[in-house]
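Following: one structure in structure tokens, then a few remarks.
Numbers restart at 1 for each chain; the letters A, B, ... are given by sequence-line order, proteins then strands. Computed from a prediction, not measured in an experiment: that's the story for all the values here. Just so you know, these numbers use all the heavy atoms, side chains as well, and skip hydrogens, waters and symmetry mates.
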Amino acid sequence: MSKPLTVWDLPKEEYLAPGHRMCQGCAAAVIFRHVLKAAGKDVIISMPTCCGEITSTVYPQTAWRVPWIHVAFENAAAVASGISAAIEALKRKGEIPKDKDIKVIAIGGDGGTFDIGFQALSGTLERGDNVLYICYDNEAYMNTGIQRSGATPLGAWTTTTPVGKVWRGEWRPKKRKDLVAVAIAHNVPYAATANPAFPIDLYSKVKKALSIRGPKLIHVLSSCVPGWRIEPEKSIEVARLAVLTGMWINYEYENGIYRVTTPVPKRKPVKEYLRMQGRFRHLTDEDIKKIQELVDAEVERINKLVGKEVIGPVEG
Amino acid sequence: MSLPGWRKLPIGVVILTPGNSVEYKTGEWRTLRPEIDQERCIRCRTCWMFCPEGTILEVEEPYKTKAGREYKITYKVDYDHCKGCGICANECPVKAIKMVEEVI
Amino acid sequence: MGKVLPLGGNYAVAYAVKACKPDVITAYPISPQTTIVERLSEFVANGELDAEFLHVESEHSALSVAIGAAAVGARTYSATCSQGLALMNELLYIMSYIRLPMTLTIVARALSAPINIWNDHSDFMSVMDAGWIMMMSASNQEAYDEILLAYRIAEDPRVLLPVITSMDGYIQSHVVEPVEIVDDEEALSFAPKRKTWVTLDPDKPVTMGPVGDPSWYFEFKRQLWEAMKEARTVFDEATAEFAKKFGRSYSAIETYMLDDAEVAIVGMGSFMGTIRAYIDRARRDGIKVGALRVKLFRPFPSEDIVKALSNVKLVGVMDRALVPGSPTGGVLHSDVACAIKQAGLDVRTLGYIAGLGGRLLTMDNVKQMIDILLKYKDVKEVPKEPFFIGVRE
């Protein structure tokens with residue numbers, strides 16, 4: 001059993017340079033920094049069109065200090081598969097030293113993963129390509145101005161699910177697409193969720209994933225200042241509250257075993273999380289009750305999968 | 001400022017200089033700037049960990065507080081790039097960072 | 001003389017690709033291309049070809065995988081046509097403009113609708129502006145040889161553009177002809193693998209595919225225009241060397257009895273064989289007719305075409321893809337007519353649309369085409385509307 005990591009185990013090297021145009025308080029930037037710290041210098045990053053891409057690579061400037069490629073919106077996974085295959089082939093033919101461990105990571109937003117990138121992701125996972133896919137999920141198409149995506153939670157205001165007389169924010173799904181379950185359905189050796197408010201957990205999950213051969217997936221919540229209507233300084237706090245209310249559960253799946261990495265003995269009511277964000281401002285107590293029920297159901301599901309109550313009841 | 005013509009640019013829109021985004025001073029975005037009170041700071045690394053920009057710099061500069069505590073490192077802000085989001089101040093467990101109005 | 005095998009066009013291409021030792025092959029089935037990748041997978045399965053073979057889940061992913069692989073420095077191959085080519089459409093433009101080489105074979109097939117698996121040039125023509133070098137063969141030997149030429153040209157540091165090789169679906173792909181194959185050593189000495197382009201390498205990190213805002217986009221498009229011009233120079237060098245090494249001579253165009261021709265038919269692909277066969281008959285009847293087959297379509301060999309047609313009175317250009325609403329109805333006709341006009345030549349053109357959706361060209365059809373040319377040969381005004389050869393009125 002290895003010693004749990006502390007903040008002092010996070011490497012100092014910054015592979016994401018400042019000067020990128022991500023919003024003030026963008027949690028995605030925090031996520032990228034720590035993913036890259038876990039990966040180290042010998043990595044190749046494939047990204048789809050997304051917030052992270054357009055803000056970090058505005059010709060002639062790039063914030064990336066590692067090799068990086070963007071091709072199109074729906075194919076980060078497929079491009080990563082190609083990179084991974086080429087590395088295999090070139091190693092076999094002696095063009096790349098066999099002992100050089102070059103990791104391949106595809107990092108995409110929820111739009112480019114849940115929706116338009118779903119097919120490519122499925123292909124990569126099913127073929128068993130040696131790629132780590134990280135989805136940073138800000139729960140809408142934020143890059144193009146906060147439109148609803150397949151990851152948008154119930155009740156959220158977006159520019160395409162606005163609040164009016166007939167519609168009051170996102171009305172479906174009852175429970176959004178479970179990306180980790182999708183990955184598990186593809187028989188991946190490792191899948192996990194993570195959260196920018198718990199960077200050491202994210203870092204160790206990325207490190208663990210990269211030590212496993214095959215397709216891996218990590219689904220990371222990414223708070224968004226303009227999209228969630230929050231104050232920039234609250235960006236990490238709201239992500240933390242997602243975990244503390246059970247709205248987001250940090251867990252991992254490895255070879256059939258589920259493990260919650262951030263247990264929450266007593267949950268805060270989900271209302272605290274929702275009331276922090278302007279995109280949920282219109283919700284009535286009735287709406288919030290519905291969302292609380294969804295959270296309760298998911299908590300129960302995860303507890304069952306783990307085999308014990310790792311996420312506790314709502315306090316009070 | 002004249003930009004280079006097509007003959008001078010490397011082909012294929014490739015950017016050959018990693019991390020040259022540092023040339024873009026996002027510090028100009030700020031309306032609030034973080035100021036670290038070195039006396040209060042307990043060197044817990046939290047601000048460094050949560051900064052989206054990587055503009056909380058951990059420098060090997062020893063510091064001795066007035067109360068006599070000695071630290072081997074100091075945290076400084078890269079004001080060229082700090083966007084003033086305030087996450088550092090919000091997350092600091094001892095409230096050692098104050099967000100102060102940026103006055104030009 | 002190397003080994004001669006009886007090979008359909010698809011299998012010929014598979015043998016050629018094998019000889020060039022690609023590192024990554026991506027494959028998605030679509031008729032009539034599928035037997036290329038089937039044969040390649042057999043080579044890999046038997047250990048005769050050491051390549052990573054990715055069974056992708058769509059053509060869009062096929063080219064995405066290829067771009068990722070080429071970005072790392074791999075020699076990459078894929079094949080597709082029709083709907084598959086349409087599905088990977090956005091990626092063709094991306095790959096050429098980020099200047100990564102690869103070879104893609106289009107086994108020309110009609111674009112839907114209606115869904116039609118048979119041969120025409122609509123898929124080939126639909127990507128004429130994607131910035132790829134484009135060649136079309138007319139025999140299985142040529143289809144084989146195009147692969148070697150393709151890698152040689154694509155990976156040349158003066159070019160660094162992806163290449164499309166093509167053949168007519170079913171007519172070439174599934175019909176057996178004798179094909180002389182070369183062994184791997186010979187293929188690789190003609191098209192050696194060299195590190196001629198910037199790649200994704202952790203020791204020298206670069207960023208590929210950034211945002212190019214209005215201050216920058218235009219310059220990169222301009223660069224590609226120049227690269228296309230270079231591509232012609234490299235094509236000529238490569239075909240000359242190919243002729244010396246393998247004894248088969250190719251050039252951007254192929255002419256037939258044009259020296260004293262008064263009228264001529266211009267076209268691409270295997271139908272030119274039928275046209276040549278009919279021309280032999282017509283010549284016996286004293287008709288001074290010739291033919292010109294365009295092999296290199298992009299970069300368009302304007303000078304060669306103009307020179308070859310300079311003494312012809314009337315040229316009939318056959319297009320096997322329809323562009324509704326365009327002045328000529330066909331891409332080839334427009335390009336040929338434009339080249340002639342740019343040269344200031346007094347050679348008139350008219351157009352044919354033929355062979356759409358696998359409608360074969362008969363000898364009677366060719367007679368019809370030549371009769372039309374003879375009818376308007378000395379007439380001042382030539383019809384602007386294309387003639388739809390072989391359609392039922």
Interface residues of residues 76-86 of chain B facing chain A - heavy atom cut-off under 4.5 Å = Asp78(B), His81(B), Lys83(B), Cys85(B), Gly86(B)
Within 6.0 Å of [atom1] in [X], more than 12 heavy atoms from elsewhere:
{"X": "Lys41(A)", "atom1": "NZ", "answer": "yes"}
{"X": "Lys95(B)", "atom1": "NZ", "answer": "yes"}
{"X": "Lys98(B)", "atom1": "NZ", "answer": "no"}
{"X": "Glu35(B)", "atom1": "CD", "answer": "yes"}
{"X": "Arg69(B)", "atom1": "CZ", "answer": "no"}

Any residue of [range] which, by heavy atoms, sits under 4.5 Å from chain B:
{"range": "residues 49-65 of chain A", "value": "Tyr59(A), Pro60(A), Gln61(A), Thr62(A), Ala63(A), Trp64(A), Arg65(A)"}
{"range": "residues 192-210 of chain A", "value": "Pro196(A), Ala197(A), Pro199(A), Ile200(A)"}
{"range": "residues 21-40 of chain A", "value": "Arg21(A), Met22(A), Cys23(A), Gln24(A), Gly25(A), Cys26(A), Ala29(A), Val30(A), Arg33(A), His34(A), Lys37(A)"}

What closest approach, in Å, do [X] and [Y] show between heavy atoms, and which atom pair accounts for it?
{"X": "Ile87(B)", "Y": "Ser235(A)", "result": "CD1-CB, 3.8 Å"}
{"X": "Asn90(B)", "Y": "Lys234(A)", "result": "OD1-NZ, 3.7 Å"}
{"X": "His20(A)", "Y": "Thr26(B)", "result": "O-CG2, 3.5 Å"}

ask   = Thr46(B) versus chain A, heavy atoms under 4.5 Å apart: side chain, backbone, both or neither?
value = neither
key: Residue Glu91(B) versus chain A: region with a heavy atom under 4.5 Å   = side chain
note = Okay, Trp8(A) and chain B: the region with an atom under 4.5 Å from a heavy atom over there is both
Heavy-atom proximity to chain B below 4.5 Å, by part of Glu14(A) = side chain
Heavy-atom check, side chain of [X] versus side chain of [Y], under 4.5 Å:
{"X": "Pro18(A)", "Y": "Val22(B)", "result": "yes"}
{"X": "Glu58(B)", "Y": "Lys12(A)", "result": "yes"}
{"X": "Arg45(B)", "Y": "Leu10(A)", "result": "yes"}

message = Using 0.5 Å steps for rounding, measure from the CD1 atom of Ile236(A) to the SG atom of Cys88(B).
response = 11.5 Å
